[in-house]
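Let me begin by presenting the structure, written as structure tokens, before commenting on it.
Chain identifiers are assigned alphabetically (A, B, ...) following the order of the sequence lines, protein sequences preceding nucleic acid strands; residue numbering begins at 1 within each chain.
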Amino acid sequence: MTDHTPTPAACFDTLPLDAKLLRAVADQGYATMTPIQAKAIPIVLSGRDVMGAAQTGTGKTAAFSIPLLQRMLQHENSSASPARHPVRALVLAPTRELADQVANNVKAYAKHSQLRVACVFGGIDIKPQMEELRRGVEVLIATPGRLLDHIEAKTAALHQVEYVVLDEADRMLDIGFLPDLQRILSYLPKQRQTLLFSATFSTEIKRLAQSYLQDPELVEVARPNATASTVEQRFFSVEDDDKRRAVQYLLRERGITQSIVFVNSKLGAARLARSFERDGLKTAALHGDKSQDERLKSLEAFKRGEVELLVATDVAARGLDIADLPAVFNFDVPFNAEDYVHRIGRTGRAGASGLAFTLVTKSDARLVGDIEKLIKRKLDLEALELEDDRPRRPRSDWERGREEPGRGESRGERGADEGRRAAGPRYAPQAPRDPFFDKPYVAPERTEQPAWEAAPAPTAAPRGATGNIRPKKKVAALFGAKQTAPAAES
DNA sequence: AAAAAAC
């Protein structure tokens, strides 16, 4: 008896796809389908509505855009009015960056066809978008607000839409886009194919699907709340004041060339980015208080490898696809456990391995408990013992402001901590001793084998060797007995 | 506690 060998992944060229699409897929370097593609593409080709649960980074965009393009190509010549080109496919996404990214993917798949793909979102001049729409667009990717602007300005005619995709639908509901979605969908023909993708199937999502999808087929590849097994998740107990140093320590310790540092507030992101920049790290910020132009520039610089750290709010948590991103930091524990899953989903994409480091302070105990419940895993906290041999700049006024008496609860603890710090001048400016801080930042080379894979393997993490990371403790042990009873109270 | 989106 032969034991069952894994079934070989199906290739795109086994699908009944137009040669133009197959060529575009091959141009992208894809041969085999991901699980969601293998499941969803035939269903979409059959014309059925789809309700898809797929983690980001699973090839979701290709899973819906390739079969939709195929269906559009099949009917390319049957267009009633060849002179005019109404929007035939509409894709809605929750954030501007996501819309832009989806559009770039769809454009790549459509590049050998005559189908025109455009993207509209807010924060940038509407006039070029109007001009592009006026010239004619078959596939439109949009964020809801700006699309409504175009509808009102009568620059987007949606009365001929045949295909609709609601991407990251749960996020769109979170943001409060439901009224906008309802309005947009009311402009569309009832006779259409609708695809809905969501990380979770909450009651709200189910209700949305019930209203706007017809007899949808459920496509589920990974448990919606599962985290990629290829991501090494570590939780470090730190104090607020040590977070920045902890990040820099871990970057060095694990040889991380690039990472996203997630924070909970826009202001926090701006400040932290400035601090890292002052520390000599090539840093960019990405949050909703930046102009759209700056946001796109930050993201592009990061994707090109010119920027080492991207300090971001949850605007970057979902869906963004950054190739070979070795690590993600949760500088702040996210308020919603679900966002934790999305944040760490930026790394370890497409089967690559990744690191997800979360910095936990005492006040985060409850949030960590929420994460434990969501990912159904017991989490261990590790203590970082940061040596005080790092060159430090004087703290900013803001940082000093944080030490006002009466803020935070860790006054007592801090006394002992200050004693330890007294061993070395913590903030005294001095010449950098560490080559890490000396050498100018060099953009990491994009190679087949990412540089970080050469870094110490997860199991060979030099914790013991350096003695800088103390053994793991149960969350409960660090935060008191409250955490031991995960059962919902009251 | 906050973030995301239209002006």
Side-chain angles (χ1 to χ4, degrees), chain A residues 56 91-102 119-130 133 141-156 166-184 187 198-200 204 240 243 260-273 285-296 298-299 310-320 330-343 345-346 359-371 402 407-409:
Chain A
T56 46
V91 182
L92 294 173
T95 70
R96 299 162 180 173
E97 281 78 8
L98 203 52
D100 186 54
Q101 177 183 293
V102 169
C119 185
V120 300
F121 50 76
I124 53 174
D125 192 0
I126 196 170
K127 287 196 208 80
Q129 297 177 354
M130 289 176 155
L133 288 169
I141 295 96
T143 49
R146 181 54 68 91
L147 179 62
L148 282 171
D149 275 357
H150 282 290
I151 292 172
E152 273 156 28
K154 304 217 185 296
T155 47
L166 305 176
D167 201 7
E168 305 278 347
D170 52 337
R171 186 54 155 192
M172 289 203 277
L173 294 193
D174 286 349
I175 293 174
F177 271 149
L178 182 59
D180 286 356
L181 290 183
Q182 288 169 326
R183 271 188 66 200
I184 291 166
Y187 290 109
S198 179
T200 57
E204 288 81 9
D240 271 321
K243 281 182 170 183
I260 301 182
V261 179
F262 282 104
V263 296
N264 283 353
S265 76
K266 294 184 278 196
L267 199 56
R271 285 167 170 163
L272 184 61
L286 180 61
H287 57 79
D289 273 351
K290 294 195 81 113
S291 75
Q292 194 52 39
D293 184 52
E294 289 173 310
R295 279 166 62 165
L296 288 174
S298 288
L299 191 59
L310 184 69
V311 182
T313 60
D314 282 320
V315 68
R318 297 207 182 200
L320 287 192
N330 290 308
F331 194 85
D332 298 327
V333 183
F335 291 128
N336 297 323
E338 233 167 60
D339 286 330
Y340 171 82
V341 178
H342 289 290
R343 286 179 178 187
R346 297 316 100 220
L359 305 183
V360 181
T361 63
K362 286 205 165 56
S363 54
D364 296 326
R366 213 173 61 87
L367 300 175
V368 174
D370 291 346
I371 294 171
R402 290 178 62 82
R407 293 189 62 170
E409 294 174 7

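For Arg96(A), there are no salt bridge (charged side-chain N to carboxylate O under 4.0 Å, His left out) partners two or more places apart in sequence or in a different chain. Partners of Asn330(A) under the side-chain contact (heavy atoms from CB on, under 4.5 Å) rule, at least two apart in sequence or in another chain, are Phe262(A), Pro334(A), Tyr340(A), Arg343(A), Ile344(A), Thr358(A).
At a threshold of 4.0 angstrom between heavy atoms, the contacts of Arg171(A) with the nucleic acid are absent. Among the protein residues, Gly176(A) comes within range of no part of the nucleic acid, since none of its heavy atoms lies under 4.0 Å from any strand. In this structure, Asp149(A) reaches the bases: a heavy-atom distance under 4.0 Å links it to at least one base atom across the strands shown.
To the nearest angstrom, P of dA3(B) lies 16 Å from CG of Asn330(A). Distance Gln129(A) CD to dA6(B) C1': 11 Å, rounded to the nearest Å. Residue Glu168(A) contributes atom CD, which lies 16 Å from atom P of dA4(B) at whole-angstrom precision. Whole-Å rounding puts the Asp174(A) CG to dA4(B) P distance at 13 Å. The CG atom of Leu98(A) sits 13 Å away from the C1' atom of dA5(B) (whole-angstrom rounding). Atoms CZ (Arg318(A)) and P (dA5(B)) sit 13 Å apart, rounded to a whole Å. Between Ile126(A) atom CD1 and dA5(B) atom P there is a gap of 16 Å when expressed in whole angstrom units. Taking atom CZ of Phe121(A) as the reference point, atom P of dA5(B) lies 10 Å away to the nearest angstrom.
With distances taken from any side-chain atom of Lys266(A) to the nucleotides dA5(B), dA3(B), dA2(B), the minimum falls on dA3(B). Checked against dA1(B), dA5(B), dA3(B), the side chain of Ser265(A) finds its nearest nucleotide in dA3(B).
Put simply, CD on Gln129(A) and CG on Leu147(A) are 10.0 Å apart, with the number rounded to the nearest 0.5 Å.
At least one side-chain heavy atom of Glu97(A) sits under 4.5 Å from a side-chain heavy atom of Leu286(A).
Using a 4.0 Å cut-off, some side-chain N or O of Thr313(A) falls inside it from OP1 or OP2 of dA4(B). Listed pair Arg343(A) / dA3(B) fails the phosphate criterion, with no side-chain N or O lying under 4.0 Å from OP1 or OP2. Checking the phosphate oxygens (OP1, OP2) of dA6(B), a side-chain nitrogen or oxygen of Thr143(A) falls inside 4.0 Å.
Asn336(A) contributes a side-chain N or O that forms a donor-acceptor pair with the base of dA2(B) under 3.5 Å.
Under 4.0 Å is where a charged nitrogen must lie from a carboxylate oxygen, and between Arg318(A) and Asp170(A) at least one such pair does.
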